[in-house]
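Here is how names work: the chains are called A, B, and so on, in the same order as the sequence lines, proteins then strands, and each is numbered from 1.
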Amino acid sequence: MNNTKVAAFLNRMASLLEFKGENPYKIKAYQRAARNIKVLDEDLSSLYEKGRISEIPGVGEAIRDKVIEILTKGTFEAYEETIAEIPPGVLDIMDIPGIGPKTAKLFHEKLDIGSIEELVRAAEEHRIRRLARMGPRQEEKIIRSVQRHLKSSDSGRTPLAVASPIADQIKEQLNTCPYIREIIAAGSLRRRKETVKNIDLLALSDDPQAAADAFLDLKSVTDVIEKGESLISIIYKGMIRVDLRIIPKGSFGPSLQHFTGSKEHNVHLRKLALSKGYRLSEYGFADTETNTLKTCESEKEVYDFLGLGYPVPELREDRGEIEAGMEKALPGLIDMKDIKGDLHVHSNWSDGKNSIEELAVAALEKGYEYVAITDHSHSTAIASGLSDKKLLEHARDVDRVNEKIEGIRLLSGTECDIRSNGKLDYSNEVLESLDIVIVAVHAALEQDRKTMTKRIVTALENEHVDILAHPTGRKFGKRGAYDVDMEKVFQTALDNDKILEINSSPARLDLNDINARIAKNLGIKLAISTDTHKLDNFNNIRYGIDVARRAWVEPQDVVNTRKLKEISSLLGIR
DNA sequence: GCCGTTTTCGGCCCGACTGTTTTCAGTCG
């Protein structure tokens, strides 16, 4: 039972309570506890063993007991009692955008609707419109909303690497509109979260109506969800919701702050404002006594007014950044310009598309001082992993290109498979001859927790190993992390002075922001690498940097911010 | 159900949009 599953339990409980019309603050308490458990820095079971469950923010006595019940029995009594009273299908109905607990309850009580299928049938047969506060437009809305809901991917979230270019496209098109003075992305996209639910755009305009029309005229608008004076919401190419907010003059600072979020960050900020006598909204600070409004030109002014240092968007998750802002102790985050080289790259010796020479030229053009050529080892046969003999030839090819191309140093390396028993694909003699050794798990992913943990720990204890690549193995839309005790992996990395990778491939982003922050706090060295398989993959470094920034990582935490000379001595290269 | 730099009890962030209403409830972010 991992943190995500416990959080899901508490969220379902919240939905059940909503349906029953319980105290909204009780519902919020469950939702808040679930959120905080989901983003927790530690495994719940190990917190439980230490008797520290109630240290989690939002988890008091009652929810603590329920969490313990879930951990030990797989469910909890209050949940089982409540779900027995309610047909499970109504929870599915409440998941449909636009339908909340009140509406689901109305449908259930008056029309005996207990599933999405029954709901659609009732709408098609015009039985909905006979209910109080319902009408023909509601029926149409329900049918459309269900269609979209069933079509959307299971998580309903889009990877940042997909959403980000779409946002750029839209911004580019709207920039040509004479009625829009500036357009800027906000929301989770601006916070560089790994997945986003929708794209939030803010437009500064002197003519809101014209700006709205320009947005609705975009070719790729496939559906209009909402159309108000300050908010227009559309579906773009049938794949992602895009909200355009038209911002009046004068309140740009509070608006950008508000719509960047996160929600948790904003709630905390507003409580802080209230304690100082102001109601903070997207329009500015309203004095609670006189109701006079103080607007702000910039975001920085908003934080200044509260006496806080300026937290960059990536930090705004209410995970300590407001407290750090009060102490003026915000981190100086890593940036693209700090990266001096890439330590995980594949050539056409294994499953990469390009020659070592082409990779060298591309890395040089990116301004790097070094790049490690780390092709697969022979266990990864599907990726044409190299035999011992091939690996030695590979190293000679690296030497050849090193002599040919000036201005960049290639490191001869491997991404060596960690076999199912923890042994490595190459002998210690072979590994010792290389400049850099990355190890990784690629097969037998279904091993149990104990076996997988021992496997990785054994590999990390090898003295020739430098870096553990994609440490948890998760892949977006394909699989979650393998079952591994990350606490042990972290401890082993720390004890043996090994580097953990933040893999920048949009399909991986592994370590993720939460794990990377734990590693950073423990003092484990990190490498931000692209796992490049073709030249334009080098640009994915952007997404690895995003993860690192969200994990409060500073340049000195990352080995590939070091100059060639320093990294050579760190890796023991002669 | 949670929580305390005004509080161990009484609060709990703030505003927009829709569809149905003649002033608002429900939903969302």
A:Arg241 versus A:Ser233, side-chain donor and acceptor atoms under 3.5 Å
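Yes, because at least one side-chain N or O of A:Ser233 sits under 3.5 Å from a partner of the opposite role on A:Arg241.
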Under 3.5 Å donor-acceptor pair, A:Asn23 side-chain atoms to B:dG1 base atoms
yes
Check this for me: does the side-chain of A:Arg133 come within 3.5 Å of the base of B:dC24 through a donor and an acceptor?
yes
Using 30° and 60° as the class limits, which term best fits the ring planes of A:Phe305 and A:Phe285: parallel, tilted or perpendicular?
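A:Phe305 vs A:Phe285 ring planes: tilted.
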Geometric cation-pi criterion A:Arg517 and A:Phe490, 6.0 Å radius, 45° cone:
no
Heavy atoms under 4.0 Å, any strand shown: does [X] hit a base, just sugar-phosphate, or nothing?
{"X": "A:Lys263", "answer": "base"}
{"X": "A:Ile99", "answer": "sugar-phosphate"}
{"X": "A:Pro101", "answer": "sugar-phosphate"}
{"X": "A:Ile96", "answer": "sugar-phosphate"}
{"X": "A:Pro136", "answer": "sugar-phosphate"}
{"X": "A:Lys66", "answer": "sugar-phosphate"}
{"X": "A:Phe259", "answer": "nothing"}
{"X": "A:Leu280", "answer": "sugar-phosphate"}

Would you measure the distance from the [atom1] atom in [N] across to the matching atom in [M] and give it in whole Å?
{"N": "B:dG1", "M": "B:dT5", "atom1": "P", "value": "23 Å"}
{"N": "B:dT20", "M": "B:dT27", "atom1": "C1'", "value": "14 Å"}
{"N": "B:dT23", "M": "B:dG29", "atom1": "C1'", "value": "24 Å"}
{"N": "B:dT22", "M": "B:dG15", "atom1": "P", "value": "26 Å"}
{"N": "B:dA16", "M": "B:dT21", "atom1": "P", "value": "24 Å"}
{"N": "B:dT18", "M": "B:dG11", "atom1": "C1'", "value": "31 Å"}
{"N": "B:dT8", "M": "B:dC3", "atom1": "C1'", "value": "9 Å"}
{"N": "B:dT6", "M": "B:dC2", "atom1": "P", "value": "23 Å"}

Looking only at side-chain atoms of [X], point me to the closest of [options].
{"X": "A:Arg32", "options": "B:dC3, B:dC17, B:dT20", "value": "B:dC3"}
{"X": "A:Tyr30", "options": "B:dC17, B:dG1, B:dG19", "value": "B:dG1"}
{"X": "A:Ala29", "options": "B:dC17, B:dC2, B:dG19", "value": "B:dC2"}
{"X": "A:Lys197", "options": "B:dG15, B:dT18, B:dG29", "value": "B:dG29"}
{"X": "A:Tyr25", "options": "B:dC12, B:dG19, B:dC17", "value": "B:dC12"}
{"X": "A:Gln138", "options": "B:dC14, B:dG19, B:dC17", "value": "B:dG19"}
{"X": "A:Ser230", "options": "B:dT18, B:dC17, B:dT20", "value": "B:dC17"}
{"X": "A:Arg279", "options": "B:dC2, B:dG19, B:dC14", "value": "B:dC14"}
{"X": "A:Lys26", "options": "B:dC17, B:dC14, B:dG1", "value": "B:dG1"}

Neighbour count above 12 (heavy atom, 6.0 Å) for [X] [atom1]:
{"X": "A:Lys105", "atom1": "NZ", "result": "yes"}
{"X": "A:Lys110", "atom1": "NZ", "result": "no"}
{"X": "A:Lys50", "atom1": "NZ", "result": "yes"}

It should be established whether [X] places a side-chain nitrogen or oxygen under 4.0 Å from OP1 or OP2 of nucleotide [N].
{"X": "A:Lys227", "N": "B:dC17", "answer": "no"}
{"X": "A:Lys271", "N": "B:dG11", "answer": "no"}
{"X": "A:Ser275", "N": "B:dT6", "answer": "no"}
{"X": "A:Tyr278", "N": "B:dC14", "answer": "no"}
{"X": "A:Thr103", "N": "B:dT27", "answer": "yes"}

When the distance from [atom1] of [X] to [atom2] of [N] is rounded to whole Å, what number comes out?
{"X": "A:Asp243", "N": "B:dG29", "atom1": "CG", "atom2": "P", "result": "8 Å"}
{"X": "A:Leu306", "N": "B:dT5", "atom1": "CG", "atom2": "P", "result": "17 Å"}
{"X": "A:Leu106", "N": "B:dT27", "atom1": "CG", "atom2": "P", "result": "10 Å"}
{"X": "A:Arg64", "N": "B:dC2", "atom1": "CZ", "atom2": "P", "result": "9 Å"}
{"X": "A:Ile93", "N": "B:dT27", "atom1": "CD1", "atom2": "C1'", "result": "16 Å"}
{"X": "A:Phe285", "N": "B:dC14", "atom1": "CZ", "atom2": "P", "result": "12 Å"}
{"X": "A:Arg137", "N": "B:dT21", "atom1": "CZ", "atom2": "C1'", "result": "13 Å"}
{"X": "A:His258", "N": "B:dA16", "atom1": "NE2", "atom2": "P", "result": "9 Å"}

Taking a pair as Watson-Crick or G-U wobble with both distances under 3.5 Å, which nucleotide is matched to B:dT8?
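Pairing partner: none.
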With heavy-atom distances below 4.5 Å as the criterion, would you say the side chains of A:Pro506 and A:Pro159 are in contact?
no
Residues A:His265, A:Asp318; criterion side-chain hydrogen bond (donor to acceptor under 3.5 Å, both in side chains); working and verdict
CA-CA 5 Å; A:His265 175 88; A:Asp318 195 22; 6.0 Å; no
Please compare A:Lys28 and A:Ile56 by the position of their nearest nucleotide in DNA chain B and report the one closer to 5'.
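Between the two, 5'-proximity favours A:Ile56.
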5'-most contact on DNA chain B: A:Glu226 or A:Ser54, nearest heavy atom basis?
A:Ser54
Can you tell whether the side chains of A:Arg192 and A:Glu314 come within less than 4.0 Å, N to carboxylate O?
no
